[in-house]
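Read the structure below first, then the notes.
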Number of protein chains: 2
Amino acid sequence: MYTIKEVAEKLDISEHTLRFWAKSGFFPFLTRDKNNFRLFSDEDLGWVRIVKCLRKVGTDNKSIKRYIDLCLVGDSTIAERYNIIKSTKKKALDEMDELKEQLKMLDYKENYYKNLIKNHLQDEWNPLNNMKKEKQAS
Amino acid sequence: MYTIKEVAEKLDISEHTLRFWAKSGFFPFLTRDKNNFRLFSDEDLGWVRIVKCLRKVGTDNKSIKRYIDLCLVGDSTIAERYNIIKSTKKKALDEMDELKEQLKMLDYKENYYKNLIKNHLQDEWNPLNNMKKEKQAS
DNA sequence: TGTTGACTGATAGTTACTCTCAAGTAGTAA
DNA sequence: TTACTACTTGAGAGTAACTATCAGTCAACA
């Protein structure tokens, strides 16, 4: 069994967020010790992990609660949960594509700046430099 | 020149967000037409793209403003901008790794549910089923 | 016995949007 | 000329998901 602090460190989630998630009903089987401190079992860690996963991919908290509640209903909701996971996976893959796209831009900018520095050039993209050039031309 | 609506469609960003970003000083050279409507030039689109890129990777708005302001200062800030882009790129790559990690979990869950459905099995991970089994055993 | 440290819930604050709304302007139809 | 539609504006309220602060409880240790 783990304290909230241990879980926070183990899964890299702040204690605040864990309490917030707990209050949101994301950890339905969480127990307390005699001091009313939260006690996370390995099973509870499983719930934390799936919530973390869904959040990382951009699922909102209402939808996460819905998924948790479906789990609690039992086996009759397996098909629906399967669909949620599938569409979540699709969202994650779209996120990846988007990130790759942005990385291209960052790569370009990185090389652009690197080249400017190496060759002591001016930033041709900066409108301020273009203004200066126009001034010089006039 | 593009209207805010056109930019919103072109770059898949809401008009609200574009106005919010504009008010935040992210588009320093934005002009207006005779009706005070915002007019985006191709150069302005460049600013929108870099802001979108930085946000996608999780840069907060204060840091974005800082990057924009460095651009406005001119060539003396190229080294600093280069460093910002480099660390942003690192963050993006970390994000990718994290997403890949979460995709593993989603893959696992997907296969798990798929198998349950195909073979008409019970969800062994669901604590409710374990409780039922314990009940049966007693 | 006093202090330190972990934890609690309640509540306030923050970020980055997101939505609503009244008002201005332009173009077209009647 | 008037009505209607479509687009845009700024101001300001609302929202999601944290994030921080704080007073209070409890156990362990000096």
Under the criterion side chain to side chain donor-acceptor pair (under 3.5 Å), I'd like the reasoning laid out for Tyr112(A) against Asp123(A): C-alpha separation, chi angles, the key distance, then a yes or no. CA-CA 9 Å; Tyr112(A) 176 74; Asp123(A) 180 7; 2.6 Å; yes

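- For dT8(C), one of the phosphate oxygens OP1 or OP2 lies less than 4.0 angstrom from a side-chain nitrogen or oxygen of Arg38(A).
- Nearest heavy atom pair, residue Gly25(A) against residue Ile68(A), reads O-CG2, 3.8 Å.
- Counting heavy atoms from C-beta outward, Lys52(B) and Glu98(A) have side chains that approach closer than 4.5 Å.
- A nucleotide of DNA chain D counts as in contact with chain A when one of its atoms lies under 4.0 Å from a heavy atom; the first and last such, 5' to 3', are dA17(D) to dA27(D).
- Arg55(A) approaches Asp60(A) most closely through the heavy-atom pair NH1-CA, 4.2 Å.
- Contact check on Glu80(B) versus Arg66(B) returns a salt bridge, with a Lys/Arg side-chain nitrogen under 4.0 Å from an Asp/Glu carboxylate oxygen.
- You'll find that the side chain of Arg55(B) is closest to dA16(C), out of dA16(C), dA26(C), dC7(C).
- Distance CG (Leu18(A)) to C1' (dT8(C)): 15 Å, rounded to an integer number of Å.
- Aromatic ring orientation, Trp21(A) versus Phe26(A): tilted (interplanar angle from 30° to 60°).
- Contact check of residues 20-27 of chain A against DNA chain D (heavy atom, cut-off under 4.0 Å) returns Phe20(A), Trp21(A).
- A straight line from CZ of Arg19(A) to P of dG9(C) spans 7 Å, rounded to a whole angstrom.
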Please evaluate residues Asp97(A) and Lys100(A) with respect to the criterion side chain to side chain contact (heavy atoms under 4.5 Å, CB included), reporting the C-alpha separation (whole Å), side-chain torsions for both, the decisive distance (0.1 Å), and the verdict. CA-CA 5 Å; Asp97(A) 288 345; Lys100(A) 272 182 208 155; 4.2 Å; yes

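- Residues Ser41(B) and Thr31(B) are not in side-chain contact: their nearest non-hydrogen atoms beyond the backbone lie 4.5 Å or more apart.
- Comparing Ser14(A) and Lys34(A), the nucleotide of DNA chain D nearest to each residue sits closer to the 5' end for Ser14(A).
- Looking only at side-chain heavy atoms (C-beta outward), Thr3(A) and Phe37(A) stay at 4.5 Å or farther from each other.
- For Asn35(B) and dA26(C), the shortest distance from a side-chain N or O to OP1 or OP2 is below 4.0 Å.
- Distance, His16(A) NE2 to dG13(C) P: 15 Å, rounded to whole Å.
- At a threshold of 4.0 Å, the pair Glu15(A)-Arg19(A) counts as salt-bridged, since one of the basic side-chain nitrogens sits closer than that to a carboxylate oxygen.
- Rounded to whole Å, atom C1' of dA16(C) lies 13 Å from atom NZ of Lys62(B).
- One atom, CG of Asn36(B), and another, C1' of dG24(C), lie 10 Å apart when rounded to the nearest Å.
- The aromatic rings of Trp47(B) and Phe29(B) sit tilted, their planes meeting at an angle between 30° and 60°.
- When the local axes at the two ends of the helix from dT1(C)-dA30(D) to dA30(C)-dT1(D) are compared, using 5 base pairs at each end, they differ in direction by 10° after rounding to 10°.
- To the nearest angstrom, P of dA16(C) lies 16 Å from CD1 of Ile13(B).
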